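Below is one structure; the comments refer to it alone.
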Amino acid sequence: MNTTHTRRDLLKGGLAVAGLGVLGLPEFVLPALAQGEVLVPFTDLPETFPAPGVDRRQLDVRKIDGPFTPKDQFFTTQHYGHPEIDPAAYRLKVSGLVDKPQSLSLDNLRGMRRVELVAGFECSGNRRPLQGLSSNAKWTGVPLRAVLDQAGVKANAKEFVFFGADHGKEEVEFRTQKYEVEQQFGRSLPREKALAPEPMLAYALNGEPLTKHQGSPVRLLVPGWYGVANVKWLSHIYLQEDQYLGKYQARWYRTLRGEMIDGEVRWKESAVTHMQLKSFIARVSKDGNRHKVLGVILNDGTPIKSVEVKVDDGTWQPATIDPATNSKYSWKLFTYTWTGATPGEHTLVSRVTDVTGAVQPTAEALENKKTFLEDNSQHPRKVMIA
Ligand SMILES: Nc1nc2c(c(=O)[nH]1)N[C@H]1C(S)=C(S)[C@@H](COP(=O)(O)O)O[C@H]1N2
Ligand SMILES: [Mo]
């Protein structure tokens, strides 16, 4: 990125919502670039961003304009493309270890208890240099618990499997054999999590029906968990006793890391579940004599204690969390005012600490994590001050 964007460029690109924001709330002003404020380019970004594909899109975090990500910018990714679902013909099946199997239309779901929740998530593969696989929205839907209660969960239901309508051919390896089978995208939650108050079946994003990209007409939303748990185009909830070991549950979304146990390294493979504590700097802008730093915090909903910014070899300085984003599962936006920036290249980095005392790790501290998912390391960004 070697061009300088002005607010006008951003507006021309259709990146700012004029006047009232989503849901008719007054547009959030703090993170938007003010008149005359210019974006300072990061010098360590690739020259070109991946162009959005029909079904893939990264959020350009430099253009974050408010707490909620507009529907046409919300990042999107999935494994089998977008299935076509006619909302009028849509039925959500609930079966397996339930007393009363269900087949629910969109109207049935809309007629049930309605809840709203602001929740952000990121793909567990979100990482430097772009950090573009993250977004935040206000979701509307029905508590998963309400649907499960209506079906009557049997006592021996331990594993709750969520299938999307999307499917594809998969080679399943077994020892020396390979079997090709057609599989639906599936993910499971343990009983305790599925029956918790937060997970919801969401049918609206920022007050409008879900788009195809975000899983129309209904998706599972598991607040505080990485993207993959949030099954889109949800078609079937199946309750079983044994563990679900589908590809995207048991194999593709795992982390291999070495942990020191009693003085020895033990290699541990774990499933991707809740989000790891993370922050990153989304943009730096120049406003008169000062520079403004805008950043993003993502985690599993554990309250945040502080977020700090460090310039070059300076000391950590406190940044300010925007109160408009300070609900439990929302991503949090933070700002930091950088004064006295001298011409030349500088490195800026942020780190977040939660109330349990957990501190966002450095990349060095994560060296024992071999696989690339769940990279919540501190992310130094380089800028050139003219
Ligand atoms: N049905 C279905 N749901 C899915 C996926 C998928 O491939 N199929 N991909 C998951 C992954 S890996 C991510 S990161 C999120 C992305 O959600 P988004 O496109 O709304 O940003 O969807 C999740 N839900
Ligand atoms: Mo993902």
Side-chain angles (χ1 to χ4, degrees), residues 50 52-61 68-85 90 92-93 117 119-127 130-141 144 161-170 182-189 199-206 208-238 244 246-255 271-276 278 296 298 329 331 371-376:
V54 257
D55 58 9
R56 309 242 159 195
R57 180 170 62 211
Q58 301 219 35
L59 173 68
D60 185 341
V61 299
F68 306 125
T69 312
K71 65 175 181 199
D72 58 345
Q73 288 177 50
F74 202 103
F75 90 93
T76 189
T77 184
Q78 62 284 304
H79 296 283
Y80 302 127
H82 290 165
E84 278 301 333
I85 303 176
Y90 173 79
L92 170 64
K93 249 193 332 181
L117 184 81
F121 60 76
E122 61 171 344
C123 175
S124 48
N126 192 35
R127 60 195 189 279
L130 300 184
Q131 304 282 7
L133 295 170
S134 56
S135 293
N136 195 58
K138 182 169 213 159
W139 306 88
T140 310
L144 170 62
V161 193
F162 300 84
F163 290 106
D166 50 332
H167 51 87
K169 276 204 175 53
E170 294 293 353
E182 187 76 17
Q183 283 196 331
Q184 271 180 286
F185 179 84
R187 286 281 306 183
S188 70
L189 292 177
M200 75 153 94
L201 305 182
Y203 45 74
L205 176 141
N206 298 336
E208 286 182 67
L210 291 188
T211 59
K212 192 152 86 165
H213 291 71
Q214 264 61 62
S216 164
V218 177
R219 86 180 302 166
L220 174 65
L221 189 75
V222 187
W225 282 36
Y226 279 115
V228 69
N230 299 269
V231 178
K232 304 195 276 190
W233 315 289
L234 184 66
S235 67
H236 188 184
I237 305 176
Y238 186 74
Y244 172 72
K247 173 177 177 179
Y248 296 108
Q249 180 70 25
R251 301 195 289 287
W252 268 46
Y253 286 88
R254 300 196 79 80
T255 293
V272 164
T273 57
H274 70 94
M275 284 190 272
Q276 307 287 342
K278 176 181 202 170
V296 175
L298 286 152
Y329 294 110
W331 71 7
T371 45
F372 70 85
L373 301 180
E374 302 189 81
D375 181 356
N376 66 326

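All ligand and atom numbering here is 1-based and tracks the order in the structure. Note that the structure is a prediction, hence the values are computed from the model and not measured.
Checking each of Thr255, Thr273, Asn126 against Glu374 for a side chain to side chain donor-acceptor pair (under 3.5 Å) leaves exactly one that passes, namely Thr255.
Asn230 is linked by a side chain to side chain donor-acceptor pair (under 3.5 Å) to nothing, counting only residues two or more places apart in sequence or in another chain. Here Lys247 pairs with Glu170 under the side chain to side chain donor-acceptor pair (under 3.5 Å) rule; sequence neighbours left out. Qualifying side chain to side chain donor-acceptor pair (under 3.5 Å) partners for Tyr253, counting only residues two or more places apart in sequence or in other chains: His79.
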Tabulating one pair per line, provide the atom names and distances (0.1 Å) for every N/O atom of ligand 1 that is less than 3.5 Å from a protein N/O atom.
unit_1, atom_1, unit_2, atom_2, d
ligand 1, 1 (N), Asp166, OD1, 2.8
ligand 1, 1 (N), Asp166, OD2, 3.2
ligand 1, 1 (N), Lys232, O, 3.0
ligand 1, 3 (N), Lys232, N, 2.9
ligand 1, 7 (O), His79, N, 2.8
ligand 1, 8 (N), Asp166, OD2, 2.7
ligand 1, 17 (O), Arg219, NH2, 3.1
ligand 1, 19 (O), Thr76, OG1, 2.8
ligand 1, 19 (O), Thr77, N, 3.2
ligand 1, 19 (O), Lys232, NZ, 2.5
ligand 1, 20 (O), Gln214, NE2, 3.0
ligand 1, 20 (O), Arg219, NH1, 2.7
ligand 1, 20 (O), Arg219, NH2, 3.3
ligand 1, 21 (O), Phe75, O, 2.6
ligand 1, 24 (N), Asn230, O, 3.0

Go through the steps for Val222 and Tyr329 under the test side-chain contact (heavy atoms from CB on, under 4.5 Å), then give the verdict. CA-CA 10 Å; Val222 187; Tyr329 294 110; over 6 Å; no

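Put simply, the side chain of Leu130 does not reach to within 4.5 Å of the side chain of Val61, judged on heavy atoms.
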